[in-house]
Amino acid sequence: MKRKLIAAIGVAGMLFSVAACGGDDGDGGKKAGADGYAGETLTVWVMDGSSPDQWQKDLAAEFEKKTKAKVTFEVQQWNGIQQKLTTALSEENPPDVFEIGNTQTPAYAKTGGLADLADLKSEIGGEWTESLNESSVFEGKQYAVPWYFANRVVLYNKKVWADAGLKDTPKTRDEFYDALKTIGDKTDAEPIYLPGQNWYHFVGLVIGEGGELVKKDGDKYVSNLDDPKVAAAAETYKKFQALSKAPKDKDEATPQQGEVFAKGRTGAFIGMGWEAGIATKANPKIEKEIGYFTIPGETADKPEGVFLGGSNLAVAAGSKKQELAKEFLKIALSDRFEGQLAKLNGVIPNKESLQSNLEGNAPAEAAAPAAAVGGTTPLIPEWAAVENAPNPIKTYLTAVLNGKSPADAAKQVEGEFNKRLAQQQ
């Protein structure tokens with residue numbers, strides 16, 4: 001999968017107001033007659049890199065066979081998509097179906113741009129992995145459907161681990177720490193490269209603790225960084241980061257951690273599977289040494305919490321072809337096509353039963369076990385402003401790593417955090 005796609009997955013979009021247009025009739029589009037939807041064409045927006053040409057071709061053929069209608073895929077670029085989609089949803093002829101980042105979904109649902117898909121969930125969504133479907137739901141209503149996802153794994157250097165006498169990959173958080181400590185004791189390698197502001201990994205740790213980054217205070221959201229569960233996640237982050245020489249005030253892209261790993265003097269790092277490509281581009285010889293495993297959790301039976309980046313599919317509230325759009329989604333999310341997409345792109349499908357399509361794809365196989373226990377940043381429209389630079393969660397992490405208690409670090413950023421949450425959407 002293209003790096004720019006996965007990178008964009010992890011970023012919540014800017015919020016814009018959407019004034020959705022209503023359909024021509026009460027049921028959101030005409031029903032199929034004896035000739036199906038012959039003569040109609042459905043417009044589907046997909047993001048660059050999301051859907052392979054073969055997947056589109058096969059799906060279009062099946063769609064036409066079942067509905068007598070045609071589908072036009074229009075590939076969009078991530079850069080500027082929020083504004084473009086917002087404008088399109090306010091016009092008379094919006095795209096009928098469109099891909100939307102999972103953390104962006106609540107903003108569009110709140111402004112009325114998305115059609116209610118509760119009936120589709122009832123019909124085809126009985127086996128959707130609950131954690132993957134959460135971002136499609138806003139205020140109790142199903143405004144999108146889960147499409148594909150990705151999360152972080154441990155990428156490790158097999159040679160470094162062998163030099164340290166390590167034969168197996170760890171299954172618990174303590175085993176992981178002990179393995180890294182062994183690398184530090186028995187080799188000259190840096191046990192783990194973990195920059196102080198790899199905040200999406202921190203979000204995963206918070207999820208693993210069952211914590212929340214925000215809480216409700218009356219009718220508004222405020223910082224919850226002073227919660228003991230968030231503090232526990234910060235302490236875990238600090239424990240592992242102490243084994244790293246990475247800067248405490250930089251993120252995983254400054255410098256690219258894959259490029260650091262490429263030098264062959266690092267035991268492991270936590271990142272997306274595609275970051276192995278950064279390492280091999282910098283040093284092709286490192287490819288044979290790269291291994292992957294699921295980030296271990298507190299106990300062997302449950303992986304560490306992870307941030308789930310991904311995309312949902314939605315139907316425009318203003319589409320005049322809503323029934324046809326739902327027929328498209330039934331086919332696109334069928335086991336055949338959901339499984340094909342997982343296999344071709346190495347992404348996690350929306351059902352655990354379809355993870356067999358990842359067999360042979362090492363990073364995807366390592367990522368899949370954590371999907372069921374993963375989560376996202378808060379699924380509220382107000383969240384997007386929090387991620388704008390300088391991200392207060394990054395500031396919080398650096399403060400903790402530099403010696404402040406989690407409680408004092410939370411107080412340090414609380415004012416800015418709450419100011420952003422209070423911004424008008």
Can a salt bridge be assigned to the pair E64 and K68 using a cut-off of 4.0 Å between side-chain N and carboxylate O?
-> no
Test: K57 and D53 ion pair at under 4.0 Å: no
key: Test side chain to side chain contact (heavy atoms under 4.5 Å, CB included) applied to R420 and N388, step by step   = CA-CA 9 Å; R420 296 183 184 204; N388 293 335; 3.9 Å; yes
Flag the pair [X] / [Y] as yes when at least one side-chain heavy-atom distance between them is below 4.5 Å, and no otherwise.
| X | Y | answer |
| --- | --- | --- |
| I278 | E259 | yes |
| T103 | S135 | no |
| W274 | M272 | yes |
| E352 | L354 | no |
| L213 | N224 | no |

Going by distance alone, is a donor N or O of one side chain under 3.5 Å from an acceptor N or O of the other, for E134 and T376? no
- Message: We want to know whether E275 and Q257 form a side-chain donor-acceptor pair, criterion being a heavy-atom distance below 3.5 angstrom.
- Response: yes
With S50 as partner, the option from Y148, W45, W147 fulfilling side-chain hydrogen bond (donor to acceptor under 3.5 Å, both in side chains) is Y148
Does K70 count as lying over the ring of F63, i.e. NZ or CZ under 6.0 Å from the six-ring centre, within 45 degrees of the axis?
no
Residues, nucleotides or ligands: over 12 heavy atoms within 6.0 Å of [X] [atom1]:
| X | atom1 | result |
| --- | --- | --- |
| N79 | CG | no |
| E298 | CD | no |
| E175 | CD | yes |

Partner of F269 under ring-ring contact (aromatic ring centres under 6.0 Å, His included), picked from Y193, F240, F261, is F261
Contact summary for [X] and [Y], nearest pair of heavy atoms:
| X | Y | result |
| --- | --- | --- |
| A342 | N357 | CB-CB, 4.2 Å |
| P106 | P381 | O-CG, 3.8 Å |
| K326 | L120 | O-CD1, 3.9 Å |

Separation between CD (E40) and CD (E327), nearest 0.5 Å, reads 11.5 Å
Angle class for the W55/F337 ring planes (parallel below 30°, perpendicular above 60°, tilted otherwise)?
perpendicular
Inset, instruction - Just say parallel, tilted or perpendicular for the rings of F293 and W161, cut-offs at 30° and 60°. - result: perpendicular
